[in-house]
Amino acid sequence: MPTKFWLMKSEPDVYSIDDLARDGKTMWDGVRNYQARNFMRDQMQVGDSVFFYHSNAEPSGIAGIAKVASKAYADPTAFDKKDVHFDPKSKKEEPTWFLVDVAFVKKFKNFLSLDDIKKTEGLEGMLLLQKGSRLSVQPVAERHWKVLTQGRRL
DNA sequence: GCCAACGTTGGC
DNA sequence: GCCAACGTTGGC
């Protein structure tokens, strides 16, 4: 598998790095975008590293690190009529939506804000920084991961 | 809360 | 298969 590094977005009001630290592990449910689903279903491997990104936050940015803790399986919230992420088109025999389990690794002592990320050199081409990029699950190039994690007190 | 940039849906 | 209308994301 080519990619071993990922970035996954969550709104901290809904589920933050502190929630993951408390739970230890969580189902990354509610992804309803095909590209994001495909990354989880087709490419993620147990043990892959994940930037836990706080979106729609004050400030937005990378809050810590998590890791992929399961292979992809059907997202149960798609079958649950009472769930906000319910999708009547997804059938149990042939699920539309998938998720992986994500486990807590660390919370950064120094939150890495989007502002900091933008100021960082060597991130040319990083998906997160592309205008209009909204993908909530995205691959991170190894060199970008290194640039962001090395030479910093995180 | 605004709104630009995307993604999806559905009429034709 | 086109594309307008609509819904969502997410920075600001």
Side-chain angles (χ1 to χ4, degrees), chain A residues 2-3 5-23 26-44 48-69 72-141 143-145 147-149 152 154:
Chain A
T3 313
F5 300 98
W6 306 94
L7 182 145
M8 298 171 89
K9 297 178 183 172
S10 180
E11 300 194 17
D13 291 347
V14 178
Y15 197 86
S16 73
I17 188 85
D18 292 319
D19 294 320
L20 185 60
R22 178 198 63 213
D23 297 341
T26 193
M27 291 193 297
W28 203 266
D29 59 22
V31 171
R32 296 294 179 266
N33 171 282
Y34 289 102
Q35 242 186 310
R37 176 205 68 182
N38 292 348
F39 284 130
M40 291 198 290
R41 188 189 59 185
D42 304 336
Q43 294 197 39
M44 279 193 180
D48 284 357
S49 295
V50 176
F51 280 138
F52 193 112
Y53 184 88
H54 283 179
S55 62
N56 258 316
E58 196 53 51
S60 294
I62 300 171
I65 293 176
K67 66 181 176 191
V68 176
Y73 57 98
D75 182 342
T77 64
F79 309 130
D80 181 357
K81 278 200 177 64
K82 299 190 298 295
D83 197 280
V84 281
H85 298 297
F86 174 65
D87 180 358
K89 292 196 300 302
S90 185
K91 303 284 189 323
K92 280 194 175 158
E93 316 82 68
E94 199 185 344
T96 308
W97 303 113
F98 289 78
L99 58 72
V100 295
D101 290 342
V102 168
F104 178 76
V105 173
K106 73 183 286 190
K107 176 184 176 178
F108 289 160
K109 289 181 194 70
N110 296 294
F111 184 84
L112 191 49
S113 73
L114 183 57
D115 236 30
D116 295 336
I117 297 168
K118 283 177 176 167
K119 283 187 206 137
T120 304
E121 310 228 349
L123 295 178
E124 290 76 19
M126 189 176 180
L127 232 47
L128 180 72
L129 300 179
Q130 315 233 323
K131 192 180 176 190
S133 166
R134 311 183 309 186
L135 200 55
S136 66
V137 175
Q138 54 182 261
V140 175
R143 69 181 188 284
H144 292 156
W145 182 280
V147 165
L148 283 167
T149 52
R152 246 198 189 98
L154 293 172

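Below, read A as the first sequence line, B as the second, and so on, with proteins coming before strands; counting in each chain starts at 1.
- Taking A:K81 as the reference, nothing meets the salt bridge (charged side-chain N to carboxylate O under 4.0 Å, His left out) condition, with sequence neighbours excluded.
- Nearest-nucleotide mapping onto DNA chain B: of A:N56 and A:K131, the residue sitting toward the 5' end is A:N56.
- For the pair A:K89 and A:R134, both in contact range of DNA chain B, the more 5′-proximal nearest nucleotide belongs to A:R134.
- Residues passing the side chain to side chain contact (heavy atoms under 4.5 Å, CB included) test with A:P12, sequence neighbours excluded: A:S16, A:H54, A:A57.
- A ring pair (Phe, Tyr, Trp, His ring centres under 6.0 Å) with A:W28 is found for exactly one of A:F52, A:W6, A:F98, namely A:F52.
- Put simply, the side chain of A:L127 reaches to within 4.5 Å of the side chain of A:P139, judged on heavy atoms.
- A:T77 and A:R32 form a side-chain donor-acceptor contact under 3.5 Å, judged by distance and modelled atom types alone.
- Bounding nucleotides for the chain A contact on DNA chain B, 5' to 3', at a heavy-atom distance below 4.0 Å, are B:dA5 to B:dT9.
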